[in-house]
Number of protein chains: 2
Amino acid sequence: MTAPTPVETQLRDAGLKATRTRIAVVAALRDLGGHQTADEVSTALAANDAVVSRATVFNALDDLTRAGLVMVADAGPGATRYEWADRWHHHFVCTSCGAISDVACPEDSPRCVDAPGVEGTVDDVQVIFRGTCSSCIGPGAETT
Amino acid sequence: MTAPTPVETQLRDAGLKATRTRIAVVAALRDLGGHQTADEVSTALAANDAVVSRATVFNALDDLTRAGLVMVADAGPGATRYEWADRWHHHFVCTSCGAISDVACPEDSPRCVDAPGVEGTVDDVQVIFRGTCSSCIGPGAETT
DNA sequence: GCTTCACTTAGACTATGTCTAGTTTAGACA
DNA sequence: TGTCTAAACTAGACATAGTCTAAGTGAAGC
Ligand SMILES: [Mn+2]
Ligand SMILES: [Mn+2]
Ligand SMILES: [Zn+2]
Ligand SMILES: [Zn+2]
């Protein structure tokens, strides 16, 4: 039994068991980088000889999100995209090609924007910038 | 042929034909209010003796969104929610019960927040506040 | 080392959205 | 007003995303 890594500690602090699967999912997201779907995570785990049931990947991502180890990048329709919760940030989504890129959060904090008139408690604030990315504007813009 | 309503004009200005279906979809969203899924719109149309193919409802909502007559309320997984694009605003999503409520946009403009360092053109900015709504906090909070 | 309950599993099931090929229609123009 | 044609609509098959259930497994408290 090795010394508990930070991830294991974070899990237990959130009242979750530090299972092989959850640790592998966090590692996969951190290693892959970017914004991954549940099925992409599943594939990455399988490639690492850590086959995990599809339902479990969805459950793990959900649990990890609530525990704050993983964040969701809202980007409209299609599969939900997850990423390792390193630093809080926002997203730019290209409505032409679907690409998602990070936008730094000026405050580096999940509650960076004030919420006037909200009836309830605000946990975090996500800003989604939508538009056309530079590759889609440029000379070689894809119309597909 | 009656005089063109504003909606018909808006459609033609966007290069779209002012069809019976599209007009009915906008009317349904305006009359229903709130944040509706494609299937809820479909049901509302049917109740109005205006049965429309499911694929057409999806297409119409997509076209109307691009034309600026309808807006999407991003709210995480689940069906995409549409609403009549009256005034630009943001959303508060309760992570406990899933309720979506409007949050006024201080600037009343789709480009209310500055996007530092984005590689491309920003068309609009949506802010999503996530947390727990007052009914879910209050004494009679549902755990379901 | 036990015990227990949270976790994981396979796979059926539901929900959400897309595609295609044939038909209809809005709106341009004569 | 009648004709024409690209755009829009249709039904329904298909694809993708996510949920549920009941039985087996393992992390962690003792
Ligand atoms: Mn990101
Ligand atoms: Mn709204
Ligand atoms: Zn792009
Ligand atoms: Zn609530």
Side-chain angles (χ1 to χ4, degrees), chain A residues 1-5 7-26 28 35-43 45-46 50-67 69-70 72-82 98 144, chain B residues 1-5 7-26 28 35-43 45-46 50-67 69-70 72-82 98 144:
Chain A
M1 187 194 292
T2 63
T5 69
V7 168
E8 296 180 26
T9 307
Q10 284 181 274
L11 284 168
R12 283 192 271 261
D13 286 353
L16 298 174
K17 289 191 178 176
T19 67
R20 183 181 305 282
T21 297
R22 287 172 176 155
I23 293 165
V25 167
V26 174
H35 309 92
Q36 312 294 333
T37 66
D39 285 338
E40 283 164 353
V41 170
S42 207
T43 303
L45 292 176
V51 174
V52 173
S53 168
R54 218 170 73 91
T56 300
V57 174
F58 278 97
N59 287 337
L61 286 168
D62 197 38
D63 295 337
L64 291 167
T65 300
R66 278 194 308 248
L69 287 157
V70 161
V72 170
D74 279 314
T80 304
R81 300 199 157 262
Y82 300 87
T144 321
Chain B
M1 186 193 292
T2 63
T5 70
V7 168
E8 296 180 27
T9 307
Q10 284 181 275
L11 283 169
R12 283 192 270 258
D13 286 354
L16 298 174
K17 290 189 178 178
T19 66
R20 178 182 307 280
T21 298
R22 286 172 178 155
I23 293 164
V25 167
V26 174
H35 309 92
Q36 311 294 333
T37 66
D39 284 339
E40 283 165 353
V41 170
S42 207
T43 302
L45 292 176
V51 175
V52 173
S53 167
R54 219 170 73 90
T56 300
V57 174
F58 278 96
N59 286 338
L61 286 168
D62 197 38
D63 295 338
L64 291 167
T65 301
R66 277 194 308 248
L69 288 157
V70 161
V72 171
D74 279 314
T80 305
R81 301 200 157 262
Y82 299 88
T144 320

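Residue numbers start from 1 in every chain, and the chains themselves are labelled A, B, ... in the order their sequence lines are given, proteins ahead of strands. Below, all heavy atoms of this structure are taken into account, side chains as well, without hydrogens, waters or symmetry copies.
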So which heavy atom on B:T80 is nearest to which on A:P77, and how close? OG1-CG, 3.6 Å
Give the C-alpha distance, both sets of side-chain angles, the deciding distance and a yes or no for side chain to side chain contact (heavy atoms under 4.5 Å, CB included) between B:I23 and B:L11. CA-CA 9 Å; B:I23 293 164; B:L11 283 169; 4.2 Å; yes
A:L45 and A:A28 have their tightest heavy-atom pair at CD2-CB, 4.1 Å
Interatomic distance where CZ belongs to B:F58 and P belongs to C:dT18 [whole Å]: 7 Å
Expressed in angstrom and rounded to an integer, what is the separation of B:D39 atom CG from C:dT14 atom C1'? 12 Å
Nearest nucleotide by nearest heavy atom, which residue falls closer to the 5' end of DNA chain C, B:G78 or B:R12? B:G78
Nearest whole Å is fine: how far is C:dC19 P from B:D62 CG? 11 Å
Closest non-hydrogen atom pair between A:L64 and A:R22, with its separation: CD1-O, 3.9 Å
B:E8 CD to C:dA26 P, in whole Å, measures 11 Å
Tell me the interatomic distance from B:I23, atom CD1, to C:dA26, atom C1', rounded to whole angstroms. 11 Å
Are the side chains of A:E40 and A:T43 in contact, using a 4.5 Å heavy-atom criterion? no
Reckon B:T37 touches a base, only the sugar-phosphate, or nothing at all at heavy-atom distances under 4.0 Å? nothing
Can you give each donor-acceptor pair under 3.5 Å made by side-chain atoms of residues 52-60 of chain A, sequence neighbours left out, with the distance rounded to 0.1 Å?
| unit_1 | atom_1 | unit_2 | atom_2 | d |
| --- | --- | --- | --- | --- |
| A:R54 | NH1 | A:D39 | OD1 | 3.3 |
| A:N59 | ND2 | A:A55 | O | 3.4 |

Nucleotide-resolved protein contact map, nucleotides 4-15 of chain D, B/S/- at heavy-atom distance under 4.0 Å: --BSSSBBB---
